[in-house]
Chemist: 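Submitted below is the structure of interest, expressed as structure tokens.
These values consider heavy atoms only, across backbone and side chains, with no hydrogens, waters or symmetry-generated copies.
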Amino acid sequence: MANELRTEVEQVKKQEDVKRALKQTSIVKPKDEPKAKTTDKLWLGTHIIVALALAVFYFVLQFRVFGFAARLIPFIQKLDKSAIAIVLLLAIGKVVDVYLIRRISSPVARYNLRRVAKLIFALFLVFAIILLQDWYTTVVSIGVLSLILGLAVQTPMTSFLGWIYILVRAPYRVGDRIKIADATGDVIDVSYLDTTLWEFGGDFLSTDHPSGRVIKFPNSKVLSSTVYNYTWPLFPYVWNEVKFSIAYQSDLNFVAETMQRIAAEEVGEHMMKQVRIFREILAQTPVNQLEVREYPAVLFRINANTWLDAIVRYLVHPKEAGRVKTRLIKKLLAEFNKAPERVMFPKGDAR
């Protein structure tokens with residue numbers, strides 16, 4: 001049994017989302033930092049040599065060595081400066097790709113970030129080719145343009161940065177059930193500027209059933225709001241409870257045994273096996289996995305209305321919580337009503 005459990009734990013750990021979550025939360029950080037390949041080092045070295053050669057050529061031109069082409073020297077120097085800027089930008093782009101983007105485990109996130117990086121570097125190349133004829137003018141032009149764009153598209157730019165944050169840190173993914181600010185639902189789309197949720201609960205429902213409404217919010221909200229994720233890859237379950245008020249004279253042992261047995265039957269052996277697997281994975285994180293028990297637990301609390309609250313607590317997938325709770329209430333009531341002398345409820349309208 002132990003070998004079978006270890007095998008299944010290792011299979012789950014091979015999943016991409018689980019590996020990413022373990023990398024973010026593990027106590028021991030992985031040692032496999034991104035390293036530049038030989039071809040990458042050769043590529044960077046070549047660009048550095050070319051940039052140095054162009055810089056040397058630029059300073060040589062200042063000594064008017066080529067007197068026969070004195071009128072062309074200013075034009076050649078401008079071209080040389082643009083070439084230096086282009087080579088340096090290409091080198092910086094390669095460094096960003098090797099040491100930053102390659103650190104991200106998700107292939108989709110790497111692909112999207114490479115597209116964004118290429119777009120940004122293409123814009124800078126345009127500046128290098130068109131505006132780098134005069135260094136001072138270029139710096140001032142970039143500064144003024146950045147200020148204008150920052151004021152004009154502040155909210156879209158913040159949402160775009162939020163999208164990059166979602167790709168890199170993965171606070172949620174498509175398919176996750178989350179709560180952010182007043183919005184609660186399942187993530188069905190994450191675009192460059194906004195996130196779309198399929199709402200559950202809402203203003204007209206008291207359960208976790210989908211409301212039929214779609215919620216859209218800007219990605220910038222993840223930078224300023226708390227995100228509650230109900231489907232963390234390392235433990236995609238939540239605790240839920242069913243509570244009954246019973247009399248002090250009730251047979252508490254019978255109540256506890258009945259609630260635990262019915263809850264265990266409803267949750268199922270497969271579910272409890274999955275909980276055991278994920279509990280082993282949690283052992284590699286700062287979470288106290290010893291508090292994660294696969295079997296339902298029964299607790300008793302004193303109610304302010306002179307009754308006892310009998311509570312059964314169990315683990316369930318968040319998207320199944322409502323249906324499981326409904327079935328449990330029906331089955332528990334049926335069992336308790338079979339033994340009215342052992343389980344006494346509030347009488348009459350007090351129920």
Chemist: On a heavy-atom basis, which atom in L299 and which in A297 lie closest, and how many Å separate them?
Modeler: CD1-O, 4.0 Å
Chemist: With no hydrogens and no angle check, is any side-chain donor or acceptor of N240 less than 3.5 Å from a backbone partner on R313?
Modeler: no
Chemist: Assess whether side chain to side chain contact (heavy atoms under 4.5 Å, CB included) is satisfied between W307 and I302, documenting all intermediate values.
Modeler: CA-CA 6 Å; W307 293 91; I302 296 176; over 6 Å; no
Chemist: Determine whether a donor-acceptor pair (N or O, by modelled atom type, separation under 3.5 Å) exists between the side chain of S250 and the backbone of A247.
Modeler: yes
Chemist: Considering all heavy atoms of both residues, which atom of S191 and which atom of N219 are nearest to each other, and what is their separation?
Modeler: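 That would be O-ND2, 2.9 Å.
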Chemist: Check whether any side-chain N or O of E241 sits under 3.5 Å from a backbone N or O of I311 as a donor-acceptor pair, and report yes or no.
Modeler: no
Chemist: Are F160 and W163, when compared by the centres of their aromatic rings, separated by less than 6.0 Å?
Modeler: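 Close enough - the centres of the two rings lie under 6.0 Å apart.
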Chemist: Using side-chain contact (heavy atoms from CB on, under 4.5 Å) as the criterion, list what pairs up with I48, not counting sequence neighbours.
Modeler: L52
Chemist: Using side chain to side chain contact (heavy atoms under 4.5 Å, CB included), reason through I178 and Y228 one step at a time and then give a plain yes or no.
Modeler: CA-CA 5 Å; I178 68 168; Y228 299 89; over 6 Å; no
Chemist: Once rounded to the nearest 0.5 Å, what's the spacing between atom OG of S159 and atom CG of L193?
Modeler: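 Reported to 0.5 Å precision, the distance equals 6.0 Å.
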Chemist: State, to 0.1 Å, how close A51 and L88 come at their nearest heavy-atom pair, and which atoms those are.
Modeler: CB-CD2, 4.1 Å
Chemist: Between CD of Q249 and CG of L308, what distance do you get to the nearest 0.5 Å?
Modeler: 9.0 Å
Chemist: Linking I/L/V/M/F/W/Y whenever their side-chain heavy atoms sit closer than 4.5 Å, directly or via other members, would I262 and W239 fall into one cluster?
Modeler: yes
Chemist: Please say whether more than 12 non-hydrogen atoms of neighbouring residues, nucleotides or ligands are located less than 6.0 Å from NZ in K221.
Modeler: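 Incorrect, the count does not exceed 12.
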Chemist: Before accepting this row, confirm whether a basic side-chain N of the pair R342/D251 lies closer than 4.0 Å to the acidic partner's carboxylate O.
Modeler: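 Looking at R342 and D251, the cut-off is met.
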Chemist: Identify whether L223 and F217 are in the same connected component of the hydrophobic contact network (ILVMFWY, side-chain heavy atoms under 4.5 Å).
Modeler: yes
Chemist: Whether R177 engages the ring of Y230 as a cation-pi pair (distance to the six-membered ring centre under 6.0 angstrom, angle to the ring normal within 45°) should be assessed.
Modeler: no
Chemist: Treating Ile, Leu, Val, Met, Phe, Trp and Tyr as nodes and any side-chain heavy-atom pair under 4.5 angstrom as an edge, say whether F300 and Y314 lie in one connected cluster.
Modeler: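 Looking at the clustering, Y314 is in the same group as F300.
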Chemist: Is there a side chain to side chain contact (heavy atoms under 4.5 Å, CB included) between I166 and V222 once you walk through the steps?
Modeler: CA-CA 8 Å; I166 294 169; V222 301; 4.1 Å; yes
Chemist: Taking all non-hydrogen atoms of both residues into account, name the closest pair between Y248 and T306 and its distance.
Modeler: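 That closest heavy-atom pairing would be CE1-O, 3.2 Å.
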Chemist: Charged N to carboxylate O below 4.0 Å: is that the case for D203 and R213?
Modeler: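 The answer is yes: the pair qualifies as a salt bridge.
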Chemist: Quick one: does W198's side chain get under 4.5 Å of D189's, heavy atoms only?
Modeler: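 No, their side chains stay 4.5 Å or more apart.
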Chemist: Any side-chain heavy-atom pair from V242 and K325 closer than 4.5 angstrom?
Modeler: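 Contact flag for V242/K325 side chains = yes.
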Chemist: Does one hydrophobic cluster hold both M259 and L252, with members joined at side-chain heavy-atom distances below 4.5 Å?
Modeler: yes
Chemist: Measure the CG-CD1 distance between L54 and I49 for me, rounded to the nearest 0.5 Å.
Modeler: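 Between atom CG of L54 and atom CD1 of I49 there are 12.0 Å.
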Chemist: Give the minimum heavy-atom separation between I246 and A310, together with the two atoms involved.
Modeler: CD1-CB, 4.0 Å
Chemist: Taking C-beta and beyond as the side chain, do V312 and Q260 meet within less than 4.5 Å on heavy atoms?
Modeler: no
Chemist: Locate the shortest heavy-atom distance separating P318 from V238; write the atom from each residue and the value.
Modeler: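 Where P318 meets V238 most closely, the heavy atoms are CA-CG2, 4.0 Å.
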Chemist: A side-chain contact here means heavy atoms from C-beta on lying under 4.5 Å apart; do R327 and K330 qualify?
Modeler: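 Side chain of R327 against side chain of K330, heavy atoms only: no contact under 4.5 Å found.
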Chemist: Please identify each residue that fulfils side-chain contact (heavy atoms from CB on, under 4.5 Å) with A183, with sequence neighbours left out.
Modeler: I180, L197, I215
Chemist: If you round to the nearest 0.5 Å, how far is CZ of F235 from CG of N229?
Modeler: 13.5 Å
Chemist: Looking at K179, I'd like to know if its NZ atom is crowded, meaning that more than 12 non-hydrogen atoms belonging to other residues, nucleotides or ligands lie closer than 6.0 Å.
Modeler: no
Chemist: Mind checking side-chain contact (heavy atoms from CB on, under 4.5 Å) for L90 and listing every partner two or more places apart, or none if nothing turns up?
Modeler: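 Applying side-chain contact (heavy atoms from CB on, under 4.5 Å) to L90 gives W43, H47, I86.
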Chemist: Any side-chain heavy-atom pair from F204 and S211 closer than 4.5 angstrom?
Modeler: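 A side-chain contact is absent here, since even the closest heavy-atom pair is not under 4.5 Å.
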Chemist: Show, in sequence, the C-alpha distance, side-chain angles and deciding distance for T231 and Y172, and conclude whether the side chain to side chain contact (heavy atoms under 4.5 Å, CB included) test is met.
Modeler: CA-CA 9 Å; T231 44; Y172 55 79; over 6 Å; no
Chemist: Ignoring hydrogens and geometry beyond distance, is a side-chain donor-acceptor pair present between E335 and T258 at under 3.5 Å?
Modeler: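 Looking only at side-chain atoms, T258 and E335 do not form any donor-acceptor pair under 3.5 Å.
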Chemist: Is there a continuous path of hydrophobic side-chain contacts, each under 4.5 Å between heavy atoms, that joins Y165 to V187?
Modeler: yes
Chemist: Under 4.5 Å between any side-chain heavy atoms of F345 and N337, yes or no?
Modeler: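 F345 vs N337: side chains touch.
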Chemist: Keeping the roles fixed (side chain from D176, backbone from R173), state whether a donor-acceptor pair exists under 3.5 Å.
Modeler: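 Yes.
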